[in-house]
Amino acid sequence: MKKTYRGSCHCKRVAFEADIDLAQGTSKCNCTFCWKNRNWGAQLMPEDFRLEKGVDDLSGGDRGGFCKSCGVRCFGVYSTDGWGEGFGGDRVSVSVSVLDDLPVEALVEAPVRHLDGLHDDWFTIPKETRHL
C-alpha cells in the first residue's frame, strides 16, 4: 500500500513528496555511480513524485541530481525506454535516506533488490552484495 513520505536535502532547499509502497521493495545497485553514492533507492512512477521546492538548487533541475548547496542527492529521473516489454518512459528513483518521516523499522522491513548495473545486467543479482 502506498504511503506519502516527505523528503529533503540536508539544507532543506530541496523538498518533495513521494507516494511509495515499501512492500514493493527498494533497490541497491553495484554500478559505479550508485556504489560511490551509497544509493539505496525506491523506484516510482513520475505521477507518484512531487517536487515542492528547489528545482533551481538541483544540479539536474527537475530531473534530479544533487543539491548545489549541501551536496545531497535526493532523487533522479531516468528512462526505461528499451528495457523490454512492460517498460518504457520515465521513472523516479528516490533516495530512501532523504525521507524525513520514514521510520527506520519500516525501511529495514522493506525488501531489497540488488541490481548488477556494473555489468549492464540489471535483472541479475550481483555475485557480491555485502558492500552495497
May I ask you to decide whether [X] forms a salt bridge with [Y], counting only side-chain N to carboxylate O separations under 4.0 Å?
X: Arg130; Y: Glu128; result: yes
X: Asp21; Y: Lys3; result: no
X: Asp56; Y: Lys68; result: no

[atom1]/[X] to [atom2]/[Y] distance, rounded to the nearest 0.5 angstrom?
X: Leu132; Y: Cys34; atom1: CG; atom2: SG; answer: 9.0 Å
X: Gln43; Y: Gln24; atom1: CD; atom2: CD; answer: 12.0 Å
X: Arg13; Y: Lys53; atom1: CZ; atom2: NZ; answer: 9.5 Å
X: Tyr78; Y: Arg91; atom1: OH; atom2: CZ; answer: 6.5 Å
X: Arg73; Y: Ser97; atom1: CZ; atom2: OG; answer: 10.0 Å
X: Leu107; Y: Tyr5; atom1: CG; atom2: OH; answer: 9.0 Å

_Heavy-atom neighbours of Leu118 CG exceed 12 at 6.0 Å_ = yes

Minimum side-chain heavy-atom gap [X]-[Y] below 4.5 Å:
X: Ser69; Y: Asp57; result: no
X: Arg63; Y: Asp90; result: yes
X: Val98; Y: Val72; result: yes
X: Cys70; Y: Cys9; result: yes
X: Leu115; Y: Ile125; result: no
X: Ser27; Y: Val112; result: no
X: Arg6; Y: Phe16; result: no

For residues [X] and [Y], report the shortest heavy-atom separation together with the two atoms involved.
X: Ile20; Y: Ala42; result: CG2-CB, 4.0 Å
X: Val92; Y: Pro46; result: CG2-CA, 4.0 Å
X: Asn30; Y: Gly117; result: OD1-N, 2.9 Å
X: Ala23; Y: Pro111; result: O-CG, 3.7 Å
X: Cys74; Y: Val14; result: SG-CG1, 4.2 Å

_Quick check against the 3.5 Å criterion: does Asn37 have a side-chain atom that pairs as donor or acceptor with the backbone of Phe33?_
yes

*Side-chain donor/acceptor of Asp116 to backbone N/O of Asp121, under 3.5 Å*: no

Check: [X]/[Y] side-chain N/O donor and acceptor closer than 3.5 Å:
X: Ser8; Y: Asp100; result: yes
X: Thr4; Y: Asp19; result: yes
X: Trp40; Y: Thr26; result: yes

*Asn39 and Ser95: side chain to side chain contact (heavy atoms under 4.5 Å, CB included), yes or no, with the steps?*
CA-CA 6 Å; Asn39 189 44; Ser95 179; 4.0 Å; yes

*For the residue pair Phe49 and Phe75, does the interplanar ring angle fall in the parallel (under 30°), tilted (30 to 60°) or perpendicular (over 60°) class?*
tilted

*Evaluate side chain to side chain contact (heavy atoms under 4.5 Å, CB included) for Val94 paired with Leu99, printing each intermediate quantity in order.*
CA-CA 9 Å; Val94 171; Leu99 297 174; 3.9 Å; yes

*Indicate if Phe66 and Leu51 have the same hydrophobic cluster label, given that clusters are the connected sets of ILVMFWY residues with side-chain heavy-atom separations under 4.5 angstrom.*
no

